[in-house]
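Structure first, commentary second.
For reference, positions follow the sequence shown, starting with 1.
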Amino acid sequence: MNNAVNDGGGAGVWSATGFRPGTKAGADVGPGAGSPSGTPGGADGEIWSGCWVAERLGVELVGDEGLGELLGLALRRNPKRAHLLVSHVLGKHIPQSPAVVYGYGFALGLRVRDLLGEDEARRAVVLGYAETATGLGHSVADGVGLAPCLHSTRRPVEGVAQAGGFEESHSHATSHLLLPENPGLLAGDGPLVLVDDEFSTGNTVLNTIRDLHERHPRDRYVIVALVDMRSAADLGRLDDFARETGARVDLVTAASGTVRLPEGVLEKGQALVARYESEAEAPEPAEAQGEVQPVRPALRVELEWPAGIPDGGRHGFTPEHRVRLEGALPAMAARIAEALPSDACRVLVLGFEELMYAPLRLGVALEKLTDAEVRYSTTTRSPVLAVDDPGYAIRTRLVFPAHDNPADGPGERYAYNVAGAGFDAVVAVVDSTADTPELHAPDGLLARLSAHTPSVLLAVVPSYAPARPSTVPPTESSTERRSMLPEPLRGPDFSSYASDEVGWLLQDLSDTKLEAPTEEREEAIQSGGAHYAESLPVEYQPSDAYQELFHNALAVSATRIAQAVGVVTETVLAERSPRPVLVSLARAGTPVGVLMRRWAQHRHGLDLPHYAVSIVRGRGIDANALRWLAAHHDPADIVFVDGWTGKGAITRELAQAVEEFEASDGITGFDPEIAVLADPGSCVRTYGTREDFLIPSACLNSTVSGLISRTVLRADLVGEHDYHGAKFYRELATADVSVAFLDAVSDRFDSVDEAVDAQVKELLATDRSPTWEGWAAVERISEEYGIHDVNLVKPGVGEATRVLLRRVPWKILARAGAGADLDHVRLLAEQRGVPVEEVAELPYTCVGLIHPKYTRGATGADGKAVTV
């Protein structure tokens with residue numbers, strides 16, 4: 001076993017007479033977090049918060065010089081252990097700066113990541129102990145950065161199967177449940193990181209490891225604690241376990257020591273507790289309980305907690321959840337800050353039992369926003385004697401009834417060191433399960449708090465409801481089908497993109513004749529005789545004048561596009577996943593996917609996977625491509641990417657297709673929300689811009705998309721176990737500008753870094769809910785122009801361009817005063833004899849109208865539209 005601890009700057013004894021320097025034999029010293037500023041602990045002549053207990057019972061702490069700054073002592077009524085080690089940096093019993101509390105856990109997590117290395121850290125799972133170490137475990141997981149976390153719980157949840165359990169022998173409430181939403185979280189063979197506030201005997205950890213090791217053996221465990229307080233008799237137990245199992249066990253702590261207990265201390269401690277409780281006329285005098293002051297109702301603060309983010313680690317919390325929460329925290333903290341009294345100088349953020357992480361992170365964010373002194377602690381089940389003495393760790397105690405309908409029945413709950421602490425405001429943070437009438441009752445927590453602070457705020461975090469398991473388990477045939485799917489096609493064999501830029505989950509139909517004259521295709525499509533994806537239009541080859549227009553447009557808009565690429569990528573990283581798997585919708589989405597991948601490399605050094613898949617309006621997404629993705633990546637990491645939105649048809653198509661796929665295959669976790677470069681139709685939440693401007697990749701067909709055709713889905717070519725098809729136009733290589741387009745935009749990345757940061761910060765704090773105003777505009781235009789088919793109305797510069805390139809256009813509607821963004825549209829319209837009609841009020845820069853009720857009689861002999 002590897003034992004890594006922090007010596008805190010020396011060693012010695014903490015006792016009733018203060019700190020005595022000395023040498024602690026056998027300490028293996030390593031790096032750790034520094035001591036918090038302003039915490040009691042005996043440094044610089046301050047009174048150590050364990051003196052009262054040490055003086056009366058003869059208890060001593062022996063160990064690192066910083067040990068007394070981390071721990072104080074108190075007494076509790078417990079038949080197994082009378083003394084209680086009270087942490088100054090845990091945020092449970094003693095209000096502390098949220099940044100200090102979070103910083104200790106995060107620093108321990110960084111050390112775990114260094115110990116494991118990135119590859120092993122990515123395979124690890126962090127497990128914290130309820131109730132005291134739920135926030136600490138979560139903070140450690142944040143420091144590790146790459147691992148999901150889970151915490152044990154004493155709250156059973158209907159419909160969630162138990163994946164394990166264990167006993168905590170010295171605790172007042174011993175049974176721990178493990179209730180991960182994904183049972184596979186504990187079934188892997190990567191390192192298991194177990195986090196507790198103190199490592200006292202090793203019983204709890206050994207009970208956990210033995211239970212889980214019997215179910216899912218693994219090769220490595222890491223134990224993390226703020227303090228290692230094992231006695232000499234307990235020091236060898238983990239080594240024994242490591243020898244028995246052959247597993248490696250490492251220990252990472254912030255400080256190390258032990259507790260010296262004189263003979264008979266348990267009986268003396270119990271007698272002392274009984275005497276003081278009797279003298280205090282237990283549980284508290286009425287004045288201390290706050291019953292002599294009128295109850296003021298708490299002010300409720302609406303946090304607007306992000307949908308789908310768990311309230312903590314009870315059912316598991318992934319790095320992707322953390323990234324999304326990081327993006328939402330500033331806005332939630334700002335809502336709290338706005339609700340605080342303007343003259344509040346000292347504020348407490350008070351968490352609730354196992355709900356420690358969410359209020360801690362809110363406290364950290366609030367601390368950054370306000371000039372007030374912010375402190376953080378949580379309520380607890382643990383009964384501890386309160387003694388108002390500076391040498392005792394628990395000065396005051398508030399008692400109130402449990403308010404979350406606990407499974408073990410009603411009982412008392414406690415908030416320590418809140419009464420008399422001079423807080424101008426207390427922000428109570430509970431989950432929605434605990435927002436009950438008992439919370440608001442005259443003897444409830446909020447009433448108790450109101451007696452000791454002028455202002456009580458209530459913030460409720462929605463209790464996370466785990467998804468029900470799929471009722472359609474994967475069949476043996478579907479599993480076999482996934483394993484037989486071919487690997488993605490890559491350049492230069494398929495497409496002109498480099499092999500690492502994108503993998504195409506398509507089949508190569510390059511040798512198949514698929515092109516048909518535009519007029520024939522339009523007639524077949526509108527008559528219902530064929531689907532648009534069953535053939536390909538003849539590739540339009542641009543004139544010299546049109547190609548020059550493309551290059552000019554690219555030179556003008558490259559910076560604008562680079563900024564949009566940066567914004568959408570940073571938004572994905574902040575809200576969706578720290579290491580997303582980009583899946584672009586071929587083919588308009590593919591250049592954007594490549595650019596997003598390049599931005600992630602440029603800004604973060606990330607090498608993101610990127611694949612292109614086919615989606616067909618009216619037919620859905622390629623299910624075989626989804627099966628391949630699910631077999632090779634976590635569906636939760638998949639981020640679908642497209643170029644732009646028009647009226648939002650593909651957005652709706654994808655949502656429906658994913659729902660159908662989950663029902664048919666039993667594979668869940670795909671998020672159908674698309675990330676796009678431009679969202680002029682207000683159809684999605686994740687976008688680079690909502691302006692409707694010229695994206696030069698929309699000006700061309702395959703020659704700006706890796707020389708790949710649009711995708712094909714035809715029954716005689718695409719079988720049940722095949723990917724959708726596409727062609728690689730190798731013969732157009734001399735006209736290919738695909739890589740030139742990417743390079744022109746990528747070259748502008750450095751120049752837009754600051755603008756991207758500013759815009760992302762603004763967007764993350766903005767309500768970006770889709771309004772679908774584009775869809776409403778299309779419906780209106782369809783009726784006004786007598787088309788009566790929204791599929792023939794193509795809004796936005798990109799869609800209008802594609803109408804001119806691939807369909808039989810009828811009219812182009814242009815917003816009055818639109819400038820250079822429409823130069824290429826006007827040129828194409830002139831070449832095809834299509835009228836451009838200026839419209840005073842148009843939500844898009846332009847809209848393309850496909851010829852309604854098309855027959856070949858609607859065009860002249862030269863293929864141009866006939867105008868009437």
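Under the rule for a side chain to side chain donor-acceptor pair (under 3.5 Å), Thr734 has no partner lying at least two apart in sequence or in another chain. For His604, the side chain to side chain donor-acceptor pair (under 3.5 Å) partners two or more places apart in sequence, or in a different chain, are Glu570. Partners of Glu779 according to the side-chain contact (heavy atoms from CB on, under 4.5 Å) rule, which considers only residues two or more places apart in sequence or in another chain, are Trp775, Val790. Considering only residues two or more places apart in sequence or on other chains, Ala776 meets the side-chain contact (heavy atoms from CB on, under 4.5 Å) condition with none of them. For Asp789, the salt bridge (charged side-chain N to carboxylate O under 4.0 Å, His left out) criterion is met by no residue, not counting sequence neighbours. Qualifying side chain to side chain donor-acceptor pair (under 3.5 Å) partners for Asp637, counting only residues two or more places apart in sequence or in other chains: Ser577. Considering only residues two or more places apart in sequence or on other chains, Ala735 meets the side-chain contact (heavy atoms from CB on, under 4.5 Å) condition with Gln541, Thr703. Every residue two or more places apart in sequence or in another chain was checked for a salt bridge (charged side-chain N to carboxylate O under 4.0 Å, His left out) with Arg748, and none qualifies. Qualifying side chain to side chain donor-acceptor pair (under 3.5 Å) partners for Arg579, counting only residues two or more places apart in sequence or in other chains: none. Applying the side-chain contact (heavy atoms from CB on, under 4.5 Å) criterion to Glu784, with sequence neighbours excluded, gives Arg780.
Sorted by first then second residue, the salt bridge (Lys or Arg N to Asp or Glu O under 4.0 Å) pairs that include residues 731-744, not counting sequence neighbours, are Arg598-Asp743. For the ring-ring contact (aromatic ring centres under 6.0 Å, His included) condition, no pair includes a residue of residues 672-692, sequence neighbours left out.
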List the steps and the verdict of side-chain contact (heavy atoms from CB on, under 4.5 Å) for Thr590 and Val502.
-> CA-CA 8 Å; Thr590 304; Val502 60; 4.1 Å; yes
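For the residue pair His633 / Tyr611, a side-chain donor-acceptor distance below 3.5 Å is found, with atom types taken as modelled. Between the side chains of Arg587 and Asn701, at least one donor-acceptor pair of N or O atoms lies under 3.5 Å. Checking Ser746 against His602 by side-chain atom types alone, no donor-acceptor pair falls below 3.5 Å.
Ring pair Tyr723/Trp504: centre-to-centre distance not below 6.0 Å. Taking the six-membered ring wherever Trp is involved, the centroid distance between the rings of His610 and Tyr497 does not fall below 6.0 Å.
Pairing each heavy atom of Ala829 with each of Val836, the nearest pair is CB-CG2, 3.7 Å. Between Gln601 and Leu606, the closest heavy-atom pair is CG-O, 2.9 Å. Considering every non-hydrogen atom in both Leu842 and Ile781, the closest pair reads CD1-CD1, 4.0 Å. What you find for Glu720 and Asn624 is that their closest heavy atoms are O-ND2, 3.0 Å. Nearest heavy atom pair, residue Leu608 against residue Arg597, reads O-NE, 2.7 Å. Taking every heavy atom of both residues into account, Val572 and Ala675 meet most closely at CG2-CB, 3.9 Å.
In this structure, OG on Ser584 lies 10.0 Å from CE on Met596, to the nearest 0.5 angstrom.
Cation-pi contact between Arg652 and Trp772: present, with separation from the ring centre below 6.0 Å and deviation from the ring axis of at most 45°.
Across Thr569, Asp757, Asp750, a single residue satisfies side-chain hydrogen bond (donor to acceptor under 3.5 Å, both in side chains) together with Arg603, and that is Asp757.
In this pair, Phe741 and Phe550 present their aromatic rings tilted. The plane angle is within the 30 to 60° band.
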